[in-house]
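Throughout, a chain's letter reflects where its sequence line sits, starting with A, and its residues are numbered from 1.
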Number of protein chains: 2
Amino acid sequence: MGNRRPTVREIAKIAQVSVATVSRVSRGTGQVSPEMRERVLRVIEEYGYRPSQMGRALAEQKHGSVAMVFPGLAGPYFSELIQGFESEAMAVGASVHILATHHRAGAGEQVLTMAERVDGMAVHGGTLSDDALRRVAERVPVVTLAGRSMDGVPAVRADNTTIGELTRHLLLDHGYRRLAFVGNPDGSPDVTERWEAFKAAHRAAKVSAPREPLRLGLQQSDGVIAAGELLEGRRRPRAVVCANDETALGLLIGALGRGLSVPADVAITGFDDVPMASLVQPRLTTVRQPIRELGATTARLLISGLGGPGAVMDAVLATEPVLRESCGCTTTRRSESKGERT
Amino acid sequence: MGNRRPTVREIAKIAQVSVATVSRVSRGTGQVSPEMRERVLRVIEEYGYRPSQMGRALAEQKHGSVAMVFPGLAGPYFSELIQGFESEAMAVGASVHILATHHRAGAGEQVLTMAERVDGMAVHGGTLSDDALRRVAERVPVVTLAGRSMDGVPAVRADNTTIGELTRHLLLDHGYRRLAFVGNPDGSPDVTERWEAFKAAHRAAKVSAPREPLRLGLQQSDGVIAAGELLEGRRRPRAVVCANDETALGLLIGALGRGLSVPADVAITGFDDVPMASLVQPRLTTVRQPIRELGATTARLLISGLGGPGAVMDAVLATEPVLRESCGCTTTRRSESKGERT
DNA sequence: CGTGTTGCTGTAACCGCTTTCAGCGACCAT
DNA sequence: ATGGTCGCTGAAAGCGGTTACAGCAACACG
C-alpha cells in the first residue's frame, strides 16, 4: 500500500477535470457549475484529499502561521497571553509558533530562523535587544508585546502608570512610608515603567525618594527570596510594591511563613490580578491588566498588518487598581474603570 | 524600492553559476570547487540571500517544525516541559508549534489543521480522546506525552507509582489515617495513575480504602478551593495527597490562611518538585519527576522517529520521593535514587 | 444573422528550492 | 593512444498547489 496522499493532479485526473477546477472546488473560490463541484467533491471525499500546506504556502507566498517570542514561559501571565493570542490566530486559521529564549546564547539566531517560517511575529518586551529586534523586523512583520515601540515596529502594551495610583494610595490614603519595590527595571520595559511610576508617585506625594529596587525575577520563587531579603532585617519596609502578582504572592507566602501579619506588619501589592490574587488570605491588592486581551490585540494587529501596510499604530490597554486587603484596606474597592484607548 | 528577497535563480545568474551550485553551496552538500564556492558565497553575502523555507519545505517534503498540544499552559510544569522539548528541537533546527486546546470545542479540528503543518506532534495526555488521537496519528507521527501509549503511538511518561511510596510513608511511617486525594482521575492519565497508586498503597497497607478523590484541576487556585472543601468541615483529613505541587501549594496557602498548622493539623504532599516546593514554609514533601527531561525525551523520540520507522518504544522516566517537612518529617530525606529505565 | 455578454473550464506558467543525471575535462593506468 | 575513473558543473524535472488567461458554448440583443 504505497499510496501517499493524493495530489491535485491525481484528483483532477480521477474526476476528469482540470487541476484548476479541483483547486477552485477545494478552496471554494471562483465559478464552478454545481454538477462539476459535486463530481469533484465526491472524489475528494472518496480519496481523502487534503491540499498540502507546503504547496499552498509556496503558491500563496504565506506560511499560515505566526510566532510569539518570550524570555520564558513561567507563570499564569504567559499562559493567558498565549491563550488570547492563539484564539485570534485560530480565527484566521493560522497556527502559532512559540519560542522561549530563556536568555539562551544564540537565541538571536533562533529567532531569525523562526522568522523565516512565519508570516508575523510578536516579540515580548525584554526578550531581544533593540538591535536584534530591528534585524528580525526587516525580515518579517513584528509587533512588540509589552515593550516600547520602535521605528516601524508597533507595540501593544498595558498602561503601567496605574501602579503610581496604587503607590499614591499607599503613601497618602494609608500614610505608609518606607515603601520597597521588588522587580528588575532592567529586565523588561514593563518593570521599567512600573518602577518609574512608583518613583513618580513618591515625587508627586512629596515624600522622600524610595530606595533602590530589589532586582529579582518575576516568578513566585523570586517573591519568596524577596521575603528573605526584605523582611528579616530590622528596618523592614512598611509596604512592598511588587512588579507583578507572582512576586507579590511569593512575598506574601514568605511573610506569612515568618509569622508576620499582612497588612498589619507589612503591606503588599502586586500587578496583573491573576486568579490567585483574590484567593489568598489576605486578598491581594493589585492592578488589573487585561492580559488575554493584550494577547488578542497583538494577534489582531499582526494579522491585519499582514494584509497591507495599514496604519502602524500602537495600542495601550487600560488598567485599573484593585484595592483589597493586603494593602490595609478593609473593604474591597475598585476605582472606576477607565475606557480603553488605542 | 520593490526589491524582494533574491531567489536561487537570481543568485545563480549574478554569480554566473547554475542554481544547482548555489543550492549546493548554501546547504553545504555535494562537491563544489573552492573558487566556485567562494564566488557564490560572496554573492550570497552581498545580496543577503537566505533560502526560502517554503521552497525548501516543498522540495524536501518536510516542514521543519514539530508541535506540542496541551490542554492548557498554566503552571511551571508546562513551562519546563516546553523548555526541554524546545531545546532538543532547536538542536535539529526545527521550530515548535504550540496549541493549547483549553478544552475548546473544535479543538479536534485545530489539531488536525496543525497536523498538516508539522513533521511530528507531541500530544499531552488528557488533551485528546483516543479516537481523535488516532485520527491525528494517521496523518503525522505522534508521540503521547504523559499518557498511555496506543497502537502505533509511543508514549513518554514518568513513573507515577512513586506516589504509592509516599502514601505508604504517610500511612505506615507516620501512622496517619483518613488521607484525602485531590485531583481528577478522569482529567488526565497522570492523575489516573496517581490515584490508582494511592488506592493501591492503601490496600497494601491493609487500611480501609480512601474516600473518593476531590475532583479539581491542577492549578494553584484549585488547591485553594480544595482547602475550602477539605479543611472547613469537622472531619478534616489528617493528610492530603495532591495530584501535583501546584495544588498542594494552593492547599498549603489555604491551610495557613485558616490558621491551621502544617503538618501538625494536616499533612500535605504534592507531585513534581517545582522550585516553590522547597521554598515554602513548611517545605513540601513531594515526588520529583524530571519534567524537562520528559520534554526532551519526547522531542528526541519524535525527531528520531521522523527519519524512519525505528523501533517504536515507550519511555518511562524514574521519579523519586522527596520527604520534607509538610508530611511531618523533621529532617529532609530523599530515598535512594533509582536508575532510569526506558 | 452578427455581436457582445456571461458562465464555466482547461492550459500552462509560476512560487523557490532540491536533486538526479548527463556531460565534460583532467588524470591515471594500460 | 585509449579507455576508465574522478571531480565538478549545469540542465531540467520535480515537489503540490494557485491563478492569469484564453477558449468555448449558450444566450441576449439589435
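Applying a 4.0 Å cut-off to non-hydrogen atoms, the residues of residues 18-28 of chain A that approach DNA chain D are A:Ala20, A:Ser23, A:Arg27, listed by residue number. Near DNA chain D, defined here as any heavy-atom distance below 4.0 Å, there are no residues from residues 43-55 of chain B.
Pairs of residues two or more places apart, or lying in two chains, that qualify as side chain to side chain donor-acceptor pair (under 3.5 Å) and include a residue from residues 9-19 of chain A are A:Arg4-A:Glu10, A:Ser18-A:Thr21. Sequence neighbours left out, the pairs with a member in residues 69-80 of chain A that pass salt bridge (Lys or Arg N to Asp or Glu O under 4.0 Å) are A:Glu80-A:Arg292. Among residue pairs with one or both ends in residues 52-64 of chain A, those qualifying as salt bridge (Lys or Arg N to Asp or Glu O under 4.0 Å) are A:Arg27-A:Glu60; sequence neighbours excluded.
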* **CA sep, side-chain torsions, deciding dist, call: B:Val111, B:Met121, side-chain contact (heavy atoms from CB on, under 4.5 Å)** => CA-CA 9 Å; B:Val111 176; B:Met121 206 151 106; 3.0 Å; yes

* Output, in order, the C-alpha distance, side-chain angles, deciding distance and verdict of side-chain contact (heavy atoms from CB on, under 4.5 Å) for A:Tyr47 and A:Ile11. => CA-CA 8 Å; A:Tyr47 289 79; A:Ile11 296 295; 4.0 Å; yes

* Give the intermediate values and the outcome of side-chain contact (heavy atoms from CB on, under 4.5 Å) for residues A:Ile14 and A:Glu46. => CA-CA 11 Å; A:Ile14 295 167; A:Glu46 179 179 355; over 6 Å; no

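Residues B:Pro34 and B:Ala59 both approach DNA chain D. Their nearest nucleotides, taken by heavy-atom distance, put B:Pro34 toward the 5′ side.
The residue B:Gln61 sits close only to the backbone: its heavy atoms come under 4.0 Å of sugar-phosphate atoms, none of a base.
A:Met90 places a side-chain heavy atom less than 4.5 Å from the side chain of B:Leu99.
Residue A:Val22 comes nearest to A:Val40 through the heavy atom pair CA-CG1, 4.2 Å, listed as atom of the first residue, atom of the second, then distance.
Across B:Glu116, B:Arg117, B:Gln110, a single residue satisfies side chain to side chain donor-acceptor pair (under 3.5 Å) together with A:Ser95, and that is B:Arg117.
Within a 6.0 Å sphere centred on CZ of B:Arg148, other residues, nucleotides and ligands contribute 12 heavy atoms or fewer.
Contact footprint of chain A on DNA chain C: nucleotides with an atom under 4.0 Å from a non-hydrogen protein atom, first to last in 5' to 3' order, C:dC8 to C:dG16. Interface limits on DNA chain D: the 5'-most and 3'-most nucleotides within less than 4.0 Å of chain B heavy atoms are D:dC8 to D:dG16.
For the helix from C:dC1-D:dG30 to C:dT30-D:dA1, the axis fitted to the five pairs at one end and the axis fitted to the five pairs at the other end meet at an angle of 60° (nearest 10 degrees).
The aromatic rings of B:Phe70 and B:Phe78 lie perpendicular to each other, with more than 60° between the two planes, well past the 30° mark.
For B:His63, there are no ring-ring contact (aromatic ring centres under 6.0 Å, His included) partners, not counting sequence neighbours. A:Phe85 is linked by a ring-ring contact (aromatic ring centres under 6.0 Å, His included) to nothing, counting only residues two or more places apart in sequence or in another chain. In this structure A:Tyr77 satisfies the ring-ring contact (aromatic ring centres under 6.0 Å, His included) test together with A:His124, sequence neighbours excluded. For A:Ser87, there are no side chain to side chain donor-acceptor pair (under 3.5 Å) partners two or more places apart in sequence or in a different chain.
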